[in-house]
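The figures here come from the full heavy-atom set of this structure, side chains too, leaving out hydrogens, waters and symmetry mates.
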Amino acid sequence: MIRIHERTVVASASGRVDKVLSLETDISRSIFSREDTKILLCGKPIKKSAKVEKGDEISLSWSEEFFEGVKGEDIELSVIYEDDDILVVDKAQGMVVHPGAGNHEGTLVNALLYRYGEDFAAGEDDSRPGIVHRLDKDTSGVMVVAKNDMAMESLSRQFAEHTGRKYYYAIAEGKFFEHQGEIEKNIVRSERDRKLYQTTDNPSKGRYAKTAYVVERQLRGSALLRIRIYTGRTHQIRVHLKSIGHPIVGDVLYNPRKSGYPLMLHASELTIVHPSSGEEMTFRSALPNRFSSYIEEYGL
């Protein structure tokens, strides 16, 4: 279920709106980076980096998912690492991260509730238990889960501020003539289909996104890429690669060509700062079998 939060605050100081609001309220700064968060200054939309003056009226609205009535399920998880604060899993392709329309069972959240008990859902704001970032249903690989409120706050801030490092492997259509490249294009929701996203050349629209890639191996009609994302926008890699004419193999949303393969996108490496120790930690997941099978079939 979705819960809508709304707050109106009169600024008692001048400065960036996100800093002013986080100092004057108990709102986490990670809230300001969410796609559905709306900030209004005197009734007009503004960005989180906009400057406000003392006495300005600021309105903020955002949504939180909470899982009233969701039950735990005995679902096996591939655990990479676990301690008192975090759980790192190798998410299988096909697993949905959290319940939503048409997906009420078999999700990562169902597995977490079974693993840690129903109290795990009762965070301080009743929000999604432990989920600080997402992978699409058909994207496999490394995910970190927060096991308590302190870890939730720390990891949410890291993902919102893009201080960690995230690497992926993908197999993309076509021949690459350059060994490496960067894509910096704003991403905006499609007006034709609200489930899809697209790039825009208008700097005032959408959200900034940056993707870098290295061609690890040119295949027959496609290539294996190692990708780093510097931002974490919805469908970022899929949309960015499509925008340069190299959609991901098996992407039913952004690639009309039928390959007979599922989505060839895998989160291979994640680096975070541990919420308690402050230690930088890196977690990795090996390439899954579907990549090996594809490379064997289409390798040069």
Separation of Lys210 NZ from Arg228 CZ (nearest 0.5 Å):
8.0 Å
What pairs with Arg217 under side-chain hydrogen bond (donor to acceptor under 3.5 Å, both in side chains), at least two apart in sequence or on another chain?
none
pair Ile131-Leu112: side-chain heavy atoms closer than 4.5 Å:
yes
Measure the shortest side-chain to side-chain distance between Thr231 and Arg207 over non-hydrogen atoms and say whether it is less than 4.5 angstrom.
no
Please tabulate, for the side chains in residues 292-300, all donor-acceptor contacts under 3.5 angstrom to protein atoms that are two or more places apart in sequence or on a different chain.
| from | atom 1 | to | atom 2 | distance (Å) |
| --- | --- | --- | --- | --- |
| Ser293 | OG | Asn289 | O | 3.1 |
| Tyr294 | OH | Ser222 | OG | 2.9 |
| Glu297 | OE1 | Tyr261 | OH | 2.6 |

Can you name the nearest heavy-atom pair linking Asp251 to Arg238, along with the distance?
OD1-NH2, 2.7 Å
Examine distances only and state if a side-chain atom of Tyr168 and a backbone atom of Leu225 form a donor-acceptor pair shorter than 3.5 Å.
no
Run the side-chain hydrogen bond (donor to acceptor under 3.5 Å, both in side chains) test against Glu216 and tell me which residues pass, sequence neighbours left out.
none
Side chains of Lys147 and Asp85: does their closest heavy-atom pair fall under 4.5 Å?
no
Considering residues at least two apart in sequence or located in another chain, which fulfil the side-chain contact (heavy atoms from CB on, under 4.5 Å) criterion with Asp56?
Leu41, Val52, Glu53
Please lay out, stage by stage, how Leu60 and Val9 fare under the test side-chain contact (heavy atoms from CB on, under 4.5 Å).
CA-CA 8 Å; Leu60 180 72; Val9 176; over 6 Å; no
Between CG of Leu265 and CG of Leu135, what distance do you get to the nearest 0.5 Å?
8.5 Å
What is the ring orientation for Tyr81 with Phe283, classed by angle as parallel under 30°, tilted 30 to 60°, or perpendicular over 60°?
tilted
Lys54 backbone acceptor or donor facing Ser14 side chain under 3.5 Å:
yes
List in chain and number order the residues that pass salt bridge (charged side-chain N to carboxylate O under 4.0 Å, His left out) with Lys195, two or more places apart in sequence or in another chain; answer none if no residue qualifies.
Asp193
Where do Gln198 and Val188 land on the side-chain contact (heavy atoms from CB on, under 4.5 Å) test, with the steps shown first?
CA-CA 6 Å; Gln198 61 191 43; Val188 64; 3.8 Å; yes
Set of side-chain contact (heavy atoms from CB on, under 4.5 Å) partners for Lys205, sequence neighbours left out:
Thr200, Asn202
Does anything in residues 273-282 form a salt bridge (charged side-chain N to carboxylate O under 4.0 Å, His left out)? List the pairs, not counting sequence neighbours.
Arg165-Glu280
Is it true that Met264 and Leu287 fall in one hydrophobic cluster, defined by side-chain heavy atoms closer than 4.5 Å?
yes
Any sub-3.5 Å donor-acceptor pair from His133's side-chain atoms to Met143's backbone N or O?
no
Please find the pair of heavy atoms, one from His162 and one from Gly232, that lie closest to each other, and give the distance.
CE1-N, 3.6 Å
For the student: nearest non-hydrogen atoms of Ser140 and His266, plus distance:
OG-ND1, 2.7 Å
Is there side-chain contact between Val79 and Arg115, with heavy atoms separated by less than 4.5 Å?
yes
Approximate separation, where rounding is to 0.5 Å, of Thr8 OG1 and Ile58 CD1
10.0 Å
Cluster link Val88 to Met281, ILVMFWY, side chain under 4.5 Å
yes
Looking only at heavy atoms, the pair that brings Ala170 and Ile227 closest together is CB-CD1, 3.7 Å
Side-chain touch Pro262/Gln93, heavy atoms, less than 4.5 angstrom:
yes
Is there side-chain contact between Arg233 and Val239, with at least one heavy-atom pair below 4.5 Å?
no
Let me confirm one number: the CD-CG distance from Glu82 to Leu77, rounded to the nearest 0.5 Å.
9.5 Å
Can you tell me how far apart CG (Leu219) and CZ (Phe176) are? Round to the nearest 0.5 Å.
10.5 Å
If the condition is side-chain contact (heavy atoms from CB on, under 4.5 Å), which residues does Tyr114 pass it with, not counting sequence neighbours?
Asp74
So which heavy atom on Ser276 is nearest to which on Met150, and how close?
OG-CE, 3.1 Å
Nearest 0.5 Å, what's the CG-CG distance between Leu253 and Leu263?
8.5 Å
By salt bridge (charged side-chain N to carboxylate O under 4.0 Å, His left out) - contacts of Arg226 (at least two apart):
Glu269
So do the side chains of His235 and Asp136 get within less than 4.5 Å of each other, counting heavy atoms only?
yes
Go through the structure and list residues passing ring pair (Phe, Tyr, Trp, His ring centres under 6.0 Å) with Tyr167, not counting sequence neighbours.
none
Passes side-chain contact (heavy atoms from CB on, under 4.5 Å), Thr107 versus Asn110? Steps please.
CA-CA 5 Å; Thr107 72; Asn110 294 109; 2.6 Å; yes
If every non-hydrogen atom of Val132 is compared with every non-hydrogen atom of Ser156, which pair is closest and at what distance?
CG1-OG, 3.6 Å
Output a table of donor-acceptor pairs, distance under 3.5 Å, between side-chain atoms of residues 241-248 and any protein atom two or more places apart or on a different chain; print 'none' if there are none.
| from | atom 1 | to | atom 2 | distance (Å) |
| --- | --- | --- | --- | --- |
| Ser243 | OG | Lys185 | NZ | 3.3 |
| Ser243 | OG | His240 | O | 2.6 |
| His246 | ND1 | Glu173 | O | 2.6 |

Look at the side-chain heavy atoms of Ile, Leu, Val, Met, Phe, Trp and Tyr, link any pair under 4.5 Å apart, and say whether Val273 and Ile86 land in one connected group.
no
Could you work out, with side-chain contact (heavy atoms from CB on, under 4.5 Å) as the rule, every residue matching Ser78, not counting sequence neighbours?
Asp90
Do Val97 and Tyr116 land in one hydrophobic cluster if side-chain heavy atoms of ILVMFWY residues count as linked below 4.5 Å?
yes
List the steps, then state whether side-chain contact (heavy atoms from CB on, under 4.5 Å) holds for Ile183 with Tyr213.
CA-CA 9 Å; Ile183 308 166; Tyr213 64 86; 4.3 Å; yes
With heavy-atom distances below 4.5 Å as the criterion, would you say the side chains of His98 and Leu108 are in contact?
no
